[in-house]
Every structure is written in C-alpha cells, then in structure tokens.
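This report refers to the structure that appears directly beneath it.
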Amino acid sequence: MPLILEVALPVPLDAIFDYLPHPHTAHFRQALGCRVQVSFGQRKLIGVIVGHKQASDISPAKIKPIEHLLDLDPILDPGWLAKIRWCARYYHHPLGDTLFSCLPTLLKKGEPADALQDQIWFTTYLGQQIEAMPKTPAQWRLLQMLRQHPHGLEVSAISAQGFQSTQLHKLRDKGLIDYRQEPKLTAQVSGPLLAEAELVLTPEQTSAVQHIQQAQGFHVFLLEGVTGSGKTEVYLQALRPVLARGQQVLVLVPEISLTPQTLHRFRRRFACSLVALHSGLSERERLEAWLAAKRGAAAIVIGTRSAVFTPFANLGMVIIDEEQDASFKQMEGLRYHARDLALKYAQEAQVPVILGSATPSLESLRHALAQHYQHLQLTQRPQTNKPTPPPLQLLDIRSLKLQEGFSLPLLKRLDTHLQAGNQVLIFINRRGFAPALTCYTCGWLAECPQCDARMTWHKEPPRLHCHHCDTQQAVMLTCPHCQSEDLHPLGWGTQRSEAFLQQRYPEIPLVRLDRDAVSTHKRLQTSLQQIQQMQAGILLGTQMLAKGHHFPRVTLVAVLDADTGLYSSDFRALEHSGQLLTQVAGRAGRAHQAGEVILQTRHPDDTNLLELCQHGYSYFARRLLEEREQLSLPPYEYLAILHASGKTREQVHQVLTEMAAHLHPYIQATRGVEEADSLIQAQGLNAIGPFPAPMERRKNRYHMQFWLQAAQRAPLHETIAASLRYLRQHKQARTIRYAWDIDPWDTLG
DNA sequence: AGCACGCCGACT
DNA sequence: GTCGGCGTGCTC
Ligand SMILES: [Zn+2]
Ligand SMILES: [Zn+2]
C-alpha cells in the first residue's frame with residue numbers, strides 16, 4: 001500500500017506537498033507532527049508532516065522521498081496542528097508559512113527538539129550506608145553533601161561548591177553515588193504554592209475573583225478597571241486555584257509592559273516555575289521555554305504577542321492584560337491578533353479567559369454589553385494606591401500665544417507643581433525635534449525622497465529622518481529651493497520640548513522617554529530608576545509614558561496636543577485616541593493627593609473630546625459603539641483590507657481593478673439590492689475600491705487598498721478566498737505585492 | 001519566496 | 001564577445 005506523506009514547508013505557497021516516506025523508516029504512522037528534511041526544487045528544506053493519505057493527486061513520478069526524519073517524537077501534537085490550521089484559514093495565509101512563523105527559530109533550522117539536560121547526582125544505597133572508608137577528605141565531604149540531598153543535586157550546584165567532576169566519577173566508580181539526566185526547567189517545587197501572603201481585596205475585587213474562580217469551561221471575563229484599581233491582584237488570586245490543580249496559565253501582556261517588575265510580581269507570589277518570552281531571550285532560551293511549556297514544566301508562561309503560539313501540556317486559564325493594546329496585532333506577514341487567537345484556543349481547550357483593561361477595545365466592550373462576556377468592573381482603588389484619576393481639563397489654546405508648544409496657563413501650572421516638589425508628566429505624540437523643517441522665505445518643506453511624507457528633524461544626532469522608510473539626510477543650512485537661510489522647525493517633538501524645558505527649569509531633573517531615548521531595554525530601565533529617585537522632576541515622552549510603568553510622584557499630566565486623532569480618516573483613530581488620553585491621565589495623582597490633567601486643544605467644542613473629558617472613557621466608548629453600529633463598521637460588521645503595492649501606480653491599479661471586476665458576482669448584490677438568490681447576496685457584502693492608500697508612496701512603492709465589508713463572516717471569507725485564487729493565476733499580479741488584513745487594527749497597513 | 005532559464009542592452 | 005537586468009515558470 002503506497003503511503004503518501006503531506007508535508008508543510010516554509011514557503012509562501014498555498015499548498016501542502018506530497019512526499020514518499022523515508023525508505024528506511026517504517027514508523028511513518030507516528031510521524032505526524034515530526035520534522036523532515038526534503039528536497040524541494042533545487043533546495044533542501046525543513047518541513048513538518050501534517051498528514052498522510054493513500055494516493056496523491058499528482059503524477060507518482062514527480063513525488064520524491066523524504067531525505068531525513070528529524071524527530072523521533074512529534075514536536076507538534078494534533079491539537080496544536082489544528083490550531084495552526086485554523087489560524088492559517090482565518091487569516092488566509094499559507095499553512096506552511098503560518099506553521100513555520102509560529103515555531104522557535106532553532107526548530108525551524110532543524111535543531112533537535114531536546115531540552116538542555118541537567119546531571120542530578122545522588123547517593124546510592126551503599127553511599128548512604130557507608131560509615132567510614134579511606135578516601136580523600138574532599139571525596140568524603142562531597143559524599144556528605146550529597147547525603148543531605150535525598151532528591152539529588154544538580155552538577156552546577158556541586159561545582160559551585162568547588163568540587164571537580166573527576167571527584168564525582170571516582171565516587172561513582174566505587175558505587176557510592178550515581179546520576180540521572182533531567183531537563184533543566186522543571187515544574188516541581190516543593191512546599192506551599194503561595195510564596196507570599198495575598199493582598200486584602202476590595203469588595204469589587206473579591207467579587208471578581210469569586211466569579212472567575214467559579215467559572216466552568218470556556219468563559220470570557222472583561223475585567224475593566226482604571227489604572228491602579230488592582231487588576232493584577234485579581235489575576236494573581238484568580239489563577240491560584242488553577243496552579244494548585246497543576247494546570248498551566250498563559251499570560252499575554254503588551255510589549256512595553258513585559259518588564260522585570262511585572263515578572264517579579266508573579267515570581268514573588270508563587271513558588272512555581274515561570275517562563276517569560278520576551279525579546280531579550282537568546283534562541284536557545286526561547287526553545288527551552290517553548291519545550292518547558294510543552295511538557296508542562298512551565299506553570300506560568302508570560303509573553304507578548306507571539307507567546308499565543310506556545311504549546312501547553314495542560315492549559316487551565318488565559319489572561320490578556322491591556323487587551324486593547326496595539327502590539328497584540330501583527331502588522332505584517334501573518335497578520336494575526338493574539339487576543340482573538342487566544343480566545344479561539346481557550347474555547348477549544350475549554351478554559352476561562354480574563355481580558356483586562358482600563359480602556360477596553362470596542363470589540364470586547366460590545367461582547368460584554370451583549371452578555372457574551374461577563375463584565376467585571378473595578379471602580380474603586382485600594383487605599384494603598386492613588387486616588388481615582390482626576391477629570392481631564394481642556395485648555396483652549398486657540399487665542400493663546402505658544403512658547404515652544406506650551407501655553408502660558410500650562411507653564412504656570414508646571415511652575416506650581418514643580419515648586420511643590422512634585423513630578424510632572426508631559427505627553428507629546430511625536431518623537432524627534434520637530435515633525436518638519438520649513439523655509440520661511442518660499443514655504444518649502446523637507447520631504448522624504450522615497451515617501452509622501454515629511455522628514456522629521458532630529459537634534460541628536462542632527463539628521464533629517466523619515467519615520468516610514470528610515471531614510472536619513474544631513475540637515476541642510478540653506479533652502480534647496482531658494483537658497484535662503486531662513487530654515488525653521490515646524491511643530492513640536494520630544495527633543496524640542498526637552499531643550500525648552502531644560503532651559504526654563506535648569507535646576508530640575510528631566511527624563512525623556514521615547515523610542516530614540518530608550519533604544520535599548522537597559523537604557524529604559526536606567527531612565528525608570530532615575531525617575532524613582534527624583535523628587536521634583538519632569539517626565540517627557542511619547543506613548544511609552546502612557547503604558548505600563550508607574551510614576552508614583554506625578555501630580556500633573558499635560559498633553560501638548562490632544563487633537564491628533566480627532567479628525568483622522570482612520571475609523572479607529574478616535575477609539576485609540578480616547579484610550580491613549582485616558583491612559584496618560586491615569587498617571588496623575590499621588591497616594592493622598594489628587595492630581596491634575598490638562599489637555600491643550602484647538603477644538604474645545606469637539607463633541608468627542610468633551611464627552612471623553614466630562615463622562616470618561618466608558619461613556620465615550622459606548623457612544624463610539626453607537627456610531628460604529630450606524631455606519632456598519634466593526635465590531636458590528638466585519639472588515640478586511642487588501643493592501644497592494646508595486647513599482648508604479650498603474651500596475652497596482654490595473655491588477656486590483658481587474659480583480660474587483662472578477663469578484664463582481666460575489667459582490668453585486670451590495671446593500672439594498674433585492675436579489676437574494678445566493679447566500680452572499682442575501683447577507684450583503686460591500687466592496688470599496690481599489691483606491692490609493694493614505695500616504696500612497698512609501699519606500700518608492702505605490703500603495704493601494706481594496707476593502708470588503710460584510711455582516712457575516714462566511715461570505716466575506718469566501719470572497720477573500722476567491723480574490724486570492726484570482727490573483728495567484730494572474731500574470732501581472734506577480735509584479736505587485738499584496739496581502740489581506742483580516743480585522744485590521746488600522747487602515748494604514 | 002527562491003531558483004533556473006531565457007532573452008536583450010551595455011560594457012571590460 | 002559576456003555580464004547582468006528581470007519577465008516567466010516551477011516547486012510534491
Ligand atoms: Zn526656500
Ligand atoms: Zn521615507
């Protein structure tokens with residue numbers, strides 16, 4: 001009986017490839033989930049066996065045999081494989097490429113899937129009984145030490161005591177001691193699970209913990225609580241019984257909050273093994289963590305977006321902190337959303353999920369309001385924490401003179417807070433010195449030669465820098481257009497405000513936090529420590545200030561320009577802007593002192609801004625939901641965006657236009673047309689475009705978009721699949737790059 | 001994606 | 001003459 005193996009390969013082709021079993025390996029039935037080396041065209045590739053069948057659809061002459069079987073035991077179990085299959089289908093991404101983008105790099109390269117082993121030395125029966133024997137004093141001391149460790153001792157601990165491996169082997173030759181091999185990371189921790197006492201909870205926290213602990217099977221909780229309301233303590237107490245049952249917990253956190261402090265919070269509480277998957281890990285450490293989770297040796301796995309692909313032996317709960325955070329959505333390649341995948345996986349594993357947020361996404365809020373999720377709200381802050389955040393005050397700067405972006409009333413408030421020995425936090429949404437460089441004589445603006453964008457002016461090092469393609473130029477001294485020397489910065493960036501504030505407050509320490517200032521993790525940690533030690537001080541920065549870190553001495557929060565995002569073409573801009581402003585505002589206030597939040601604006605009458613300031617995020621978000629429903633936008637309807645780019649605008653336009661025409665039968669019955677003779681028509685599918693993307697030219701490529709909007713998932717996915725079938729057989733489509741973004745986070749792509 | 005093959009322009 | 005540009009075809 002001819003048996004054909006189906007192999008997934010790391011190629012962007014929507015196909016699985018058939019191979020014959022290894023000539024000398026009879027164990028092919030167990031090979032599902034094992035890696036193989038195969039010849040593919042002219043190259044050698046590592047693949048994964050994802051299935052088998054009796055016969056192939058292609059000519060037997062073309063089928064090659066597998067060259068090597070790399071794993072004796074599968075590295076992927078059928079459950080994990082099923083998840084990857086679902087993910088590939090949902091995001092319309094090739095299975096092979098999906099599977100490989102989820103694996104640790106060392107496994108992709110074909111390294112053995114073996115955990116690092118420890119030698120554990122222990123005394124034999126003879127070694128325990130023996131009383132005295134002529135041997136060197138060192139060997140005697142070594143034997144005595146091992147006798148005190150009935151479960152054995154790692155070789156690293158033994159050599160740390162100054163013993164040599166020859167001494168170990170001498171004793172072993174005498175039959176007094178022996179060793180066994182064990183993976184380095186183990187779950188076994190002796191003693192009680194709780195390593196520290198649990199904090200006293202507020203009534204709201206208590207109720208939240210009880211609800212979560214009582215959950216049976218798949219159940220989603222939206223834990224909504226302002227900054228400092230104690231969400232983390234709820235996570236910790238909710239997951240304790242899960243660990244006590246011997247199950248594992250997955251904790252997903254935004255990129256910026258995976259800090260030593262966050263990890264410490266978990267490590268300090270539980271005497272159990274915890275692995276953190278962060279960008280600082282070496283490939284070996286990443287593989288060790290992955291394997292530890294897979295064999296159940298990691299009780300808690302904390303990680304960022306990609307940690308959602310960690311395999312678990314016995315998953316018991318999933319926690320997603322700051323579930324609205326942008327970093328959970330991958331924006332290139334496999335454009336997955338870690339929160340959405342985690343929800344899907346938890347449903348499969350029948351385990352509860354906690355979505356935590358101070359500013360929930362409209363997606364999650366909608367599910368909570370529709371009772372799909374259980375809404376748990378924390379409105380009080382525990383006494384030890386800051387008081388409830390102060391209201392947001394709008395400061396109308398239309399008629400005010402600005403000094404480097406600061407109005408006089410704002411500067412006066414800065415003076416007051418700094419004189420009182422407090423810290424102030426200033427939020428500016430642009431890094432660099434100024435977002436543009438302009439000529440006062442002729443109006444020329446420094447633009448990127450490769451993009452439809454202005455060059456950002458940086459002072460240190462002095463350079464013009466495009467934030468979209470990384471092009472850098474020296475700062476010119478004369479205008480290239482009119483030779484005038486009248487060149488000036490336009491707008492304010494963090495470096496410009498830094499210079500201004502240092503000059504205005506020379507005595508007061510200032511820390512700038514943005515991508516340029518904290519390019520490494522170390523520098524960020526140093527800056528944060530500096531802030532902890534300051535009395536009066538100025539914190540200045542971008543988004544980074546809004547997330548994660550706590551600044552206990554800040555009493556004034558100022559937003560230099562609250563208007564970005566109010567009039568953006570992106571339909572999610574308002575939601576994100578409201579979340580960001582609320583998060584920044586949450587940094588204000590000390591333990592026994594209410595804070596102050598000031599937003600400079602040129603639109604003090606803007607309804608959205610007023611609602612956010614007067615009624616808070618919860619109310620604001622509910623209003624946005626109503627708007628989205630009226631406009632049939634997510635989360636009420638589903639959206640997918642096809643991003644395409646090419647060397648010329650015409651190329652891209654032509655291919656997309658032809659594709660749109662081809663999709664016409666799927667779409668023709670757009671809203672309002674009464675021709676319900678097919679499922680698609682009955683369910684309404686809207687096509688928009690093709691049209692030039694915002695910032696059409698990027699890195700010298702022309703970008704266009706094509707949108708599909710639908711009330712139901714099924715027809716949307718059917719049409720996307722049809723579009724890909726069409727593009728794959730289209731000759732000229734090969735000259736352009738294209739990719740669908742399912743459930744896009746923003747419309748820029 | 002990668003890699004080969006094939007067909008034209010412009011160089012040591 | 002050949003080096004190298006990229007259009008086209010293919011990968012079990
Ligand atoms: Zn000029
Ligand atoms: Zn650019």
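Naming convention: chains lettered A, B, ... in sequence-line order (proteins, then strands); numbering from 1 in each chain.
- Donor-acceptor pairing under 3.5 Å is lacking for the side chains of A:Thr747 and A:Gln705.
- Put simply, the side chain of A:Ile66 does not reach to within 4.5 Å of the side chain of A:Leu20, judged on heavy atoms.
- In this structure, A:Ile46 atom CD1 and C:dC12 atom P are separated by 16 Å, rounded to whole Å.
- A:Leu9 comes within 4.0 angstrom of no nucleic acid atom, judged by non-hydrogen atoms across all strands.
- Between the C1' atom of C:dC10 and the NZ atom of A:Lys731 lies a distance of 13 Å, rounded to the nearest Å.
- Nucleotides of DNA chain B nearest to A:Pro12 and A:Gln42 differ in position, and the one nearer the 5' end is that of A:Pro12.
- Between A:Lys62 and C:dC12, a side-chain N or O to OP1/OP2 separation shorter than 4.0 Å is absent.
- Atom pair A:Arg734:CZ and C:dG9:C1' shows a separation of 6 Å (rounding to whole Å applied).
- Contact check on A:Asp452 versus A:Arg698 returns no salt bridge, with no Lys/Arg side-chain nitrogen under 4.0 Å from an Asp/Glu carboxylate oxygen.
- Note: CG (A:Asp97) to P (B:dA1) measures 10 Å, nearest angstrom.
- At whole-Å resolution of the value, CG in A:Leu727 and P in B:dA1 are 13 Å apart.
- At whole-Å resolution of the value, NE2 in A:His52 and P in C:dC12 are 21 Å apart.
- Looking at heavy-atom distances under 4.0 Å, A:Ile58 makes contact with a base.
- Here A:Phe706 and A:His643 keep their ring centres 6.0 angstrom or further from each other.
- When rounded to the nearest whole Å, the span between CG of A:Leu45 and P of C:dC12 equals 9 Å.
- Taking every side-chain heavy atom of A:Leu13 into account, B:dA1 is the closest of B:dA1, B:dA4, C:dT8.
- Using a 4.0 Å heavy-atom criterion, one finds that A:Phe40 contacts the bases of the nucleic acid, with or without backbone contacts as well.
- Between A:Lys83 and A:Glu348, none of the side-chain N atoms (NZ, or NE/NH1/NH2) sits under 4.0 Å from a carboxylate O, so this pair counts as no salt bridge.
- Rounded to an integer number of Å, the gap from CD1 of A:Ile66 to C1' of C:dC12 is 11 Å.
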